[in-house]
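Let me begin by presenting the structure, written as C-alpha cells, before commenting on it.
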Amino acid sequence: MEIILKYFPDLTEEQRRQFAALYDLYIDWNAKINVISRKDIENLYEHHVLHSLGIAKIINFRPGTSIMDLGTGGGFPGIPLAILFPEVKFHLVDSIGKKVRVATEVANAIGLKNVTFRHARAEEEKQLFDFVVSRAVMPLGDLIKIIKKNISPRQQNALPNGLICLKGGELEHEAMPFKNKTTLHSLSEDFEEEFFQTKKVVYVTV
C-alpha cells in the first residue's frame, strides 16, 4: 500500500481505506477463483494497482466521464481507477463470468458506487463511452476494430475520446498503422520500480 501513497500522496481517507482493503480481498478471492497468478499476488500493489493507475499519468478524467474497461479480468485497471476518480463512471466488461464475479464482489466490499459490470464479449457491448481502457488484452489493431463503435462523439476531456491501454515491450511496430493517432508514454518516467522499465500507456484517438 505504501507504494500507492508514494506516487499518489493526496488521497482522501476514503480512498486510502479502499486501496488498503484490496489486498485481503484479492488474496481471499484469488484462492477461490484464480484472477491473478499465484506467484504474482504478493506484488498486487506494484504490478496491478499502481500499473492500473499509470493511466492517470496521461489524463485526469473530468467528473462525469464514462469509461469502459474491456477485458477487466479481476477488475484491472477499472477498480483502481474507479477509486482514484470517484466522480467518473466505469463499466467493467469481461467474457469470463467468474472473473466478473470477483471484480463485482471486490467493488461491493469496498463500497464503490461508480462501477457497473457486464459478463459479455466486447462485440456485444453497444453503449457509448468517452474512453475505453484495457490491459493488453489483444493486439492494438484488433482492439480498435472492436471498440470503434463504443466511442462517443461528445468530447469533455483535455484529450480527445479514444482508447487507452497498458502494454509492455516493443510497441512501435504494433502502433505503426495508427501512428498519427497514437501516443506512447513510458511509465518508467513516472514510477522508478524496475517492473515499469518496459511498461507503457498507449493512447489512440478513435
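Computed from heavy atoms alone, side chains included, the values below leave out hydrogens, waters and symmetry copies.
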Grouping I, L, V, M, F, W and Y whenever their side-chain heavy atoms are under 4.5 Å apart, do Ile55 and Leu143 come out in a common cluster? no
Do Ile83 and Leu22 touch side chain to side chain, with heavy atoms closer than 4.5 Å? yes
Joint cluster assignment, Val206 & Val132, ILVMFWY side-chain distance < 4.5 Å: yes
Residue pairs, two or more places apart or on separate chains, that pass ring pair (Phe, Tyr, Trp, His ring centres under 6.0 Å) and touch residues 139-176: none
All side-chain contact (heavy atoms from CB on, under 4.5 Å) counterparts of Glu13, not counting sequence neighbours: Arg16
Heavy-atom closest pair (Leu140 atom, Ala175 atom, distance to 0.1 Å) is CD2-CA, 4.0 Å
side-chain contact (heavy atoms from CB on, under 4.5 Å) partners of Lys199, counting only residues at least two apart: His51, Leu187, Phe195, Phe196
Could you tell me whether the side chain of Thr182 reaches within less than 4.5 Å of the side chain of Val202, counting heavy atoms only? yes
So Val88 and Asp130, do their side chains get closer than 4.5 Å, heavy atoms only? no
Any heavy-atom pair between the side chains of Leu184 and Glu172 that's under 4.5 Å? yes
What I'd like to find out is whether the side chain of Pro86 reaches to under 4.5 Å of the side chain of Gln15, using heavy atoms alone. yes
What's the separation between atom NZ in Lys39 and atom NE2 in His47, rounded to the nearest 0.5 Å? 12.0 Å
Side-chain donor or acceptor of Ser186 paired with backbone N/O of Glu189 under 3.5 Å: no
Side-chain donor/acceptor pairs under 3.5 Å, residues 72-79, sequence neighbours excluded:
from, atom 1, to, atom 2, distance (Å)
Thr72, OG1, Asp69, OD2, 2.6
Thr72, OG1, Phe76, N, 3.4

Main-chain N/O of Ser152 paired to Asn161 side chain as donor or acceptor, under 3.5 Å: yes
Taking side chain as C-beta onward, heavy atoms only, is Leu11 less than 4.5 Å from Leu84? yes
Grouping I, L, V, M, F, W and Y whenever their side-chain heavy atoms are under 4.5 Å apart, do Tyr7 and Phe85 come out in a common cluster? yes
Counterpart residues, salt bridge (charged side-chain N to carboxylate O under 4.0 Å, His left out), relative to Glu192 (two or more places apart): Lys6
In Å, rounded to the nearest 0.5 Å, how long is the span from CD1 of Ile164 to CG of Leu81? 9.0 Å
Is it the case that one hydrophobic cluster holds both Ile58 and Ile4, taking links as side-chain heavy atoms less than 4.5 Å apart, direct or via other members? yes
When rounded to the nearest 0.5 Å, the distance separating OH of Tyr45 from CG of Leu50 is 12.0 Å
Ring centres under 6.0 angstrom apart (Phe8, Phe19): no
State yes or no: do Leu163 and Leu166 share one hydrophobic cluster built from I, L, V, M, F, W and Y residues joined by side-chain heavy-atom distances below 4.5 Å, directly or via other members? no
pair Tyr203-Pro160: side-chain heavy atoms closer than 4.5 Å: yes
Does Lys181 NZ have over 12 foreign heavy atoms under 6.0 Å away? no
Could you list all the side chain to side chain donor-acceptor pair (under 3.5 Å) pairs where at least one residue sits in residues 97-113, not counting sequence neighbours? none
For Lys149, does the NZ atom sit with more than 12 other heavy atoms under 6.0 Å from it, leaving out its own atoms? yes
Contact summary for Leu70 and Ala122, nearest pair of heavy atoms: CD1-CB, 3.3 Å
Step by step, work out the side-chain contact (heavy atoms from CB on, under 4.5 Å) result for Phe129 and Ile147. CA-CA 10 Å; Phe129 303 90; Ile147 60 102; over 6 Å; no
In Å, rounded to the nearest 0.5 Å, how long is the span from CD1 of Ile67 to CD1 of Ile59? 7.0 Å
Counterpart residues, salt bridge (charged side-chain N to carboxylate O under 4.0 Å, His left out), relative to Arg121 (two or more places apart): Glu123
Under 3.5 Å, which donor-acceptor pairs do the side chains of residues 29-38 form with other protein atoms, sequence neighbours left out?
from, atom 1, to, atom 2, distance (Å)
Asn30, OD1, Val35, N, 2.8
Asn30, OD1, Ile36, N, 2.9
Asn30, ND2, Ile36, O, 2.7
Asn34, OD1, Arg38, NH1, 3.2
Ser37, OG, Asp40, N, 3.3
Arg38, NH1, Asn30, O, 2.7

For the atom pair OG1 (Thr205) and CZ (Phe131), what is the distance rounded to the nearest 0.5 Å? 10.0 Å
Calculate, to the nearest 0.5 Å, the distance between atoms CE and CG belonging to Met68 and Leu128 respectively. 9.5 Å
Using salt bridge (charged side-chain N to carboxylate O under 4.0 Å, His left out) as the criterion, list what pairs up with Lys167, not counting sequence neighbours. Glu174
What residues, two or more places apart in sequence or in another chain, satisfy salt bridge (charged side-chain N to carboxylate O under 4.0 Å, His left out) together with Glu125? Arg118
Atom CD of Glu124: over 12 foreign heavy atoms under 6.0 Å: yes
Where the side chain of Asn157 meets the backbone of Arg62, is there a donor-acceptor pair that is under 3.5 Å apart? yes
How about Tyr26 and Ile41: do any of their side-chain heavy atoms sit closer than 4.5 Å? yes
Taking ring pair (Phe, Tyr, Trp, His ring centres under 6.0 Å) as the cut-off, I'd like each qualifying pair that reaches into residues 93-124, sequence neighbours left out, listed once. none
side-chain contact (heavy atoms from CB on, under 4.5 Å) filter on Thr198, not counting sequence neighbours, yields none
